[in-house]
Structures are given as structure tokens and as C-alpha cells.
K.L.:
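My questions will all concern the structure given below.
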Amino acid sequence: MRRKLAAGNWKMNGTRAALGALEALSRAHADPSVDILICPPATLLAEAVEAVAAFPLAIGGQDCHAEIAGAHTGDISAEMLLDAGATAVILGHSERREAYGETSEAVRAKAKSAQAVGLTTLICVGESLTQREAQNTLDIIGAQLALSIPDTSTAENCVIAYEPCWAIGTGLTPTPAQIAEVHGFIRATLTARFADAGDMRLLYGGSVKPGNAAEIFGIGDVDGALVGGASLSPADFSPIIKTLEAAL
Ligand code: PGA
């Protein structure tokens, strides 16, 4: 049985003023029947961990370097995330693949490093609109899966998020049939490679809102969501969590 996961990606949003809202979210979900993960900016990690200490909510990073330490100005290692109290890290988000030319090989190296220190890796894959229109979606996702996921991945330490680039922050979402097709493909691809693929969690991400959550969570093989914009406010994220709980 795969435990559902509602993950929030704050991206480059949030100062210490946002910690109050995080505490409010924790209090509102003190006994959740799904896993809840918030990935705030790195500056807030340690304080976010403290803010939710009395609650089952988990805190994660948004990226890490593949090396554990060294001369990498501006970067943060998996060990540093762990030290700050994070239990997970998002890797290979399309915004990083696009803005920093992050390749799937680089994502795999980061994921290997994160898993080695005991972090759960949320590895993102997704096609661009051009790739979808050219009917290359499954080829692109297949290549990203093959190269981004390290062999050390298990159902315990690895979660895959399908995030079509064109759905992120746009208000556009794929049809349920399109999500089901890609999630089915991801499950089949993982099954060919990992013995415990049936237990690996697959999230959908891209413009998940309170208004479309029920439809998305009703799709087979969708084990939760990676939520950007709507995770910034408890007024939006809380109903998404409740909808996921209701979808059990
Ligand atoms: P969004 O972002 O929910 O704002 O579309 C999702 C993501 O980038 O993880």
C-alpha cells in the first residue's frame, strides 16, 4: 500500500514571516492520514524544522550538490540538508533543468549523493509543450527516467514526480487521460528496473489547486502531488491535503 504524499515546493518564496503559516498548517494537520512535506528555501530550513517539530510534517530541500563538501560557492550538499533537519530533497525540477542546464546525469549524481546520506529524493521528470506537440512525451520521460534515477533507488528513498513543464505555474493541466498515460508508463518503466517499483510513489505536479485536486487524485497511479504556488498559502494547500486524504 503506497502512502499518499502531499509535497509543497515553495521555490524562491518565503522569508521568516512565512514560518507562522507553516505552524498553522502543521496544527491544522496534526494527525494526517497522508504524508506532508514542505520544501522551503534553504535559508528557512532549520527554522522550518523547528516550527513543525511537534507535528508529523516533514521538511525538505529544493536541490543539492552531488559532492558532500568542497569548493562549490553557493551550493548546498545533501549532508548539509540532513544536518539542517531535512528528510527529503527535490531534484531535477524543470526550472533547474531549464535555467541551469541540469542534465539527467547530473540529477542522478545528486540523487545518489542524497540517498547515500539517507534523504528521500523527489525526482522530477516532464516534457515541454513542444515535445508533447511533437508526440515525444513518452520518449522524453523514458530517457529522463533511465538517466536521472540512480540504481540505489528504492520505494523508501525515491519518489517520482511527473511535472509537464507547460503545466507548471500556468494554470494549465493535462487531461486525466494524459496524466494516466504518463503515470502508467512511468510505473511500467520502473517495474522493468526495480523490484519494489509497485511500492514507489508517483506524484503529479503542475498547477494543482483546490479546485482540480479531486479529479487529479482520482486518477489511478497518482499517489499525491508536488504543489508549487498553491503550497504557499495554507488556505490553498490545506484543502489539497484534505482532498488527498479523502481520496484514500
Ligand atoms: P505549480 O508548480 O503548482 O505552481 O504549477 C509545481 C512545481 O513546480 O512543482
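Residue numbers start at 1 and run along the sequence shown. Order of appearance sets the numbers: ligands from 1, and atoms from 1 within every ligand. Just the heavy atoms: all of them, side chains too, but no hydrogens, waters or symmetry mates, feed the values below.
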K.L.:
Counting each atom of ligand 1 from 1 as listed, which ones have a heavy atom of Ser207 under 4.0 Å away?
P.N.:
1 (P), 3 (O), 5 (O)
K.L.:
Only one of Asp35, Asp223, Asp196 clears salt bridge (charged side-chain N to carboxylate O under 4.0 Å, His left out) with Arg201; which?
P.N.:
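Testing each of Asp35, Asp223, Asp196 against Arg201, the sole residue satisfying salt bridge (charged side-chain N to carboxylate O under 4.0 Å, His left out) is Asp35.
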K.L.:
Could you find the nearest protein heavy atom to atom 3 (O) of ligand 1 and give me its residue, atom name and distance?
P.N.:
Gly228 N, 2.8 Å
K.L.:
Any non-hydrogen side-chain atom of Asp236 less than 4.5 Å from a side-chain atom of Val227?
P.N.:
no
K.L.:
Tell me which one of His93, Arg96, Arg97 satisfies side-chain hydrogen bond (donor to acceptor under 3.5 Å, both in side chains) with Glu102.
P.N.:
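Checked His93, Arg96, Arg97 against Glu102; only one passes side-chain hydrogen bond (donor to acceptor under 3.5 Å, both in side chains): Arg96.
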K.L.:
Return the set of residues passing ring pair (Phe, Tyr, Trp, His ring centres under 6.0 Å) with His65 (not counting sequence neighbours), or none when no residue passes.
P.N.:
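Scan of His65 (ring pair (Phe, Tyr, Trp, His ring centres under 6.0 Å), adjacent residues dropped) gives His72.
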K.L.:
Go through ligand 1 atom by atom and flag the ones less than 4.0 Å from a non-hydrogen atom of Ala167.
P.N.:
5 (O)
K.L.:
Could you tell me whether the side chain of Thr137 reaches within less than 4.5 Å of the side chain of Val182, counting heavy atoms only?
P.N.:
yes
K.L.:
Quick one: does Ala230 get an N or O within less than 3.5 Å of an N or O on ligand 1?
P.N.:
no
K.L.:
If you measure every N/O of Lys11 against every N/O of ligand 1, is any gap under 3.5 Å?
P.N.:
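N/O-N/O distance below 3.5 Å exists for this pair.
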K.L.:
Any atoms of ligand 1 less than 4.0 Å from a non-hydrogen atom of Gly206? List them with their elements.
P.N.:
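Those atoms are 5 (O).
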K.L.:
With a 4.5 Å heavy-atom cut-off, do Ile186 and Leu145 have their side chains touching?
P.N.:
yes
K.L.:
When you compare the side chains of Gln131 and Ser128, does any donor N or O come within less than 3.5 Å of an acceptor on the partner?
P.N.:
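Distance-only check passes for Gln131 and Ser128.
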K.L.:
What part of Ala161, side chain from CB on, backbone N/CA/C/O, both or neither, has a heavy atom under 4.0 Å from ligand 1?
P.N.:
neither
K.L.:
Pairs of nitrogen or oxygen atoms closer than 3.5 Å, one from His93 and one from ligand 1: do any exist?
P.N.:
yes
K.L.:
Which residue owns the protein heavy atom closest to atom 4 (O) of ligand 1, what's the atom, and how far is it?
P.N.:
Gly229 N, 2.8 Å
K.L.:
Would you mind running through ligand 1 and noting each atom that sits below 4.0 Å from a heavy atom of Asn9?
P.N.:
9 (O)
K.L.:
Which is it for Ile168 and ligand 1 at heavy atoms under 4.0 Å: side chain, backbone, both or neither?
P.N.:
both
K.L.:
How far is atom 9 (O) of ligand 1 from its nearest protein heavy atom, and which residue and atom name does that atom have?
P.N.:
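Nearest protein contact, heavy atoms only, for atom 9 (O) of ligand 1 is Glu163 OE2, 2.7 Å.
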K.L.:
Would the distance check show the side chain of Ser77 and the main-chain N or O of Ala69 forming a donor-acceptor pair, the cut-off being under 3.5 Å?
P.N.:
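Answer holds: no.
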